[in-house]
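I have placed the structure first, in the form of C-alpha cells, so that the comments after it can refer back to it.
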Number of protein chains: 2
Amino acid sequence: MIKYILLGFLNYQPMTGYQLKQAIDESTAHFWHAHHSQIYTTLRQMEGEGLVTSELLQQESLPDRRVYTIQPAGQQVLKDWLNQTQTEASPIKEDLLVRLFFSAQRDPIQVLTELRLQFELHQAKLAAYLAIGEHIVNEYAKANPAWKRDQQFWRLTLDMGIHYEEMYIAWLQNSIKKIETL
Amino acid sequence: MIKYILLGFLNYQPMTGYQLKQAIDESTAHFWHAHHSQIYTTLRQMEGEGLVTSELLQQESLPDRRVYTIQPAGQQVLKDWLNQTQTEASPIKEDLLVRLFFSAQRDPIQVLTELRLQFELHQAKLAAYLAIGEHIVNEYAKANPAWKRDQQFWRLTLDMGIHYEEMYIAWLQNSIKKIETL
DNA sequence: CGCCACATGTAAAAAGTTACATGATTAG
DNA sequence: CTAATCATGTAACTTTTTACATGTGGCG
C-alpha cells in the first residue's frame, strides 16, 4: 500500500524520501502512515522495478538529496491500482478496543485513567484536523490552483478524520460515564 | 497483539485454535482479526514460552483437537500488558481513504460506484453489529451470569463498532453527494 | 552546549497474509 | 454431488516496526 501512496505523491511532482515522509505526516497520516525506513526502501525497490528514477543532487552545507521521479510504468501501476475497485471494507485494528474488551478484571480506576488519556489524545487530534481544514481553505487552494479538484478529494478524507475523532470522543465520554457508574 | 487476544480468551477457559478463531470472528473481528495460520503458529509459540500448555484430545469420527490452557506465566503476561496503559492513539489504516485521496484524476463514475459499494458493505456491517447487540442482551447474559461484568465491557466495544459504522455511512452519503455535484 | 531540522540509509525482528496440504462427516 | 463444518498445520512471502548508524548547521 505504501507503494501506491508514494506513487500518488510522485505523480504530482518529483520528491525526495524525506519530503515524502513529510507529505505523508502532514496529509495522509490519519489514514495511513509509514516510517522513513519503509519509505526509503520502498523507493529503492520501485526504482529497481522501473516505476521511478532517482538522481542525486548535491547541496552546499546540507546533505545530498535523492530526488525521485515517477516513470510511465509507475503511473500505469498507480492507475491500474485505482481502477481495480475495492470490494471489501478495510479491517480495523484498534488497540484500545482490544484492551477494553478484556478489561473487566482490571482496576476500574486504571481503565478510567486510560480512557481519559485517550480522550485528551483524540481531542488534540481533532483540533489538529480542524486546523488543517482551515489551512487548506485559506492557503493551499490559492497557492496551487491546478490542484483545486484534488483538494476537494483531500478535503473528503480530512472530513472523515474529523468525523472519526468526533465519534471517538463522544464514545469515550459515554464509556467513561458508564464505567464510572458500574 | 494477537498474542494478548488469545491469552485474553484463554483466560476465560481452555480452547482450541479453531474455537479461538471462531471467538475472534464473532466478537473482536470489528477491531482486530487474524487468520487461522497466525493463530495456530502463535499458540505454538506461546506454548514454547510456557504461557500456555496444550493437550491433544481424540474424537470419534472427527479430527483431533488440541486444547490450549493458559498458565500462570500467561496470565501474568496478559495482566502486565493490560497494566501498562497505552499513551498513544492507535494509528488507522484505511484503504478507501488512500484511494480517495488520489482519486481526483479518476473517472468520477467509477469513484461513485466504489463509494456506493462501500456504502452497502458498511450498512451490512452495521446491521450485523446491531444483531449481535440483541444477541448479547437476550441470550448471552442469561447463559453466563459469571461474565456479566465482562459483557458490559464487550458491549462498549460493540458500541464503538456501531457508532463507527454509522459515522462511516453518513460520511459516505455526504461524500457521494459532493462528488455527484462536483 | 544541546536539540532540532536536514537527509539517507541498513539490518533485524515482528506481524500479518496468502497459498499449500489433508481428510472425514453431514446437510441440502 | 457439492458445499460447509470440523480441525490442524507448514511455507513462503510481504509488510511493517524498531533499532542501529552518521553527520552538518543553526538557534536559543
Side-chain angles (χ1 to χ4, degrees), chain A residues 1-7 14-26 28-29 31-49 51-52 54-68 77 81 86-88 90-95 98, chain B residues 1-7 14-26 28-29 31-49 51-52 54-68 77 81 86-88 90-95 98:
Chain A
M1 178 64 67
I2 192 61
K3 186 167 155 176
Y4 303 113
I5 295 174
L6 298 175
L7 288 173
M15 291 170 91
T16 67
Y18 191 86
Q19 290 174 320
L20 283 161
K21 168 66 173 151
Q22 284 181 139
I24 289 169
D25 289 346
E26 282 166 20
T28 77
F31 54 84
W32 208 281
H33 71 101
H35 295 267
H36 78 269
S37 58
Q38 196 187 4
I39 291 168
Y40 286 117
T41 51
T42 305
L43 285 169
R44 272 297 162 93
Q45 190 190 302
M46 290 198 293
E47 194 177 16
E49 293 167 16
L51 309 185
V52 299
S54 80
E55 52 174 340
L56 204 62
L57 298 186
Q58 276 164 321
Q59 298 181 110
E60 312 161 18
S61 82
L62 274 176
D64 295 350
R65 40 203 337 252
R66 184 172 292 277
V67 181
Y68 287 88
V77 164
W81 176 69
Q86 284 288 120
T87 54
E88 280 174 42
S90 24
I92 298 163
K93 300 218 159 173
E94 186 66 29
D95 296 48
V98 177
Chain B
M1 178 63 66
I2 192 61
K3 186 167 153 174
Y4 303 112
I5 295 174
L6 298 175
L7 288 172
M15 291 170 90
T16 68
Y18 191 86
Q19 289 175 320
L20 283 162
K21 168 65 173 152
Q22 283 182 138
I24 288 169
D25 288 347
E26 283 167 21
T28 78
F31 54 84
W32 208 281
H33 71 102
H35 294 268
H36 78 269
S37 58
Q38 196 186 6
I39 291 168
Y40 286 116
T41 51
T42 306
L43 285 168
R44 271 298 161 94
Q45 189 189 303
M46 290 199 292
E47 193 177 17
E49 292 168 17
L51 308 185
V52 298
S54 78
E55 51 173 340
L56 204 62
L57 298 186
Q58 276 163 321
Q59 299 180 110
E60 312 161 19
S61 82
L62 275 177
D64 294 350
R65 41 206 332 253
R66 184 173 292 277
V67 181
Y68 287 88
V77 164
W81 177 69
Q86 285 286 121
T87 55
E88 280 175 42
S90 23
I92 298 164
K93 300 219 159 173
E94 185 67 28
D95 296 48
V98 176

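Between L57(B) atom CG and dT8(D) atom C1' there is a gap of 14 Å when expressed in whole angstrom units. The separation between L20(B) atom CG and dG9(D) atom C1' is 15 Å, rounded to whole Å. To the nearest angstrom, C1' of dT15(D) lies 11 Å from CE of M1(A). To the nearest angstrom, P of dT16(D) lies 16 Å from CG of D95(A). A straight line from NE2 of H36(A) to P of dT10(C) spans 11 Å, rounded to a whole angstrom. Here dA7(C) presents its C1' atom at 13 Å from CD1 of I39(A), a figure rounded to the nearest Å. In this structure, M15(B) atom CE and dA7(D) atom P are separated by 12 Å, rounded to whole Å. A straight line from CG of L43(A) to P of dG9(C) spans 9 Å, rounded to a whole angstrom.
A close approach under 4.0 Å does occur between a side-chain nitrogen or oxygen of Q59(A) and OP1 or OP2 of dA7(C). Under 4.0 angstrom from either OP1 or OP2 of dT8(D) there lies no side-chain N or O belonging to R66(B). In this model, the phosphate group of dG9(D) is not approached by any side-chain N or O of Y40(B) to a distance below 4.0 Å at OP1 or OP2. Close to dT8(C), at under 4.0 Å from its OP1 or OP2, lies no side-chain N or O of R44(A). Applying the 4.0 Å criterion to OP1 and OP2 of dT16(D), one finds that H33(A) has every side-chain N and O outside that range. The side chain of Q19(A) places no N or O atom within less than 4.0 Å of a non-bridging phosphate oxygen (OP1 or OP2) of dA7(C). Taking only side-chain nitrogens and oxygens, H35(A) comes nearer than 4.0 Å to OP1 or OP2 of dT17(D). Side-chain N/O atoms of Y18(A) include one lying less than 4.0 angstrom from OP1 or OP2 on dC6(C).
D25(B) and A29(B) get closest at one heavy-atom pair: O-CB, 3.5 Å. Between V67(B) and P14(B), the shortest heavy-atom contact is CG1-CB, 3.7 Å.
Between M1(B) and V98(A), some side-chain heavy-atom pair lies under the 4.5 Å cut-off.
Using a 4.0 Å heavy-atom distance criterion, K93(B) is classed as a sugar-phosphate-only contact. Looking at heavy-atom distances under 4.0 Å, Q22(A) makes contact with sugar-phosphate atoms alone, never a base.
Between R66(B) and T16(B), the side chains place no donor N or O within less than 3.5 Å of an acceptor N or O (distance only, hydrogens not considered).
Checked for salt-bridge contact, E55(B) and R65(B) miss the test: no charged N lies under 4.0 Å from a carboxylate O. In this structure, R44(B) does not pair ionically with E49(B), as no charged nitrogen and carboxylate oxygen lie closer than 4.0 Å.
Between P91(B) and L56(B), the residue whose closest nucleotide on DNA chain D is further toward the 5' end is L56(B). Comparing Y68(B) and Q45(A) along DNA chain D, the residue whose closest nucleotide (by nearest heavy atom) sits nearer the 5' end is Y68(B).
With hydrogens and angles ignored, a donor-acceptor pair closer than 3.5 Å exists between the side chain of S37(B) and the base of dT18(C).
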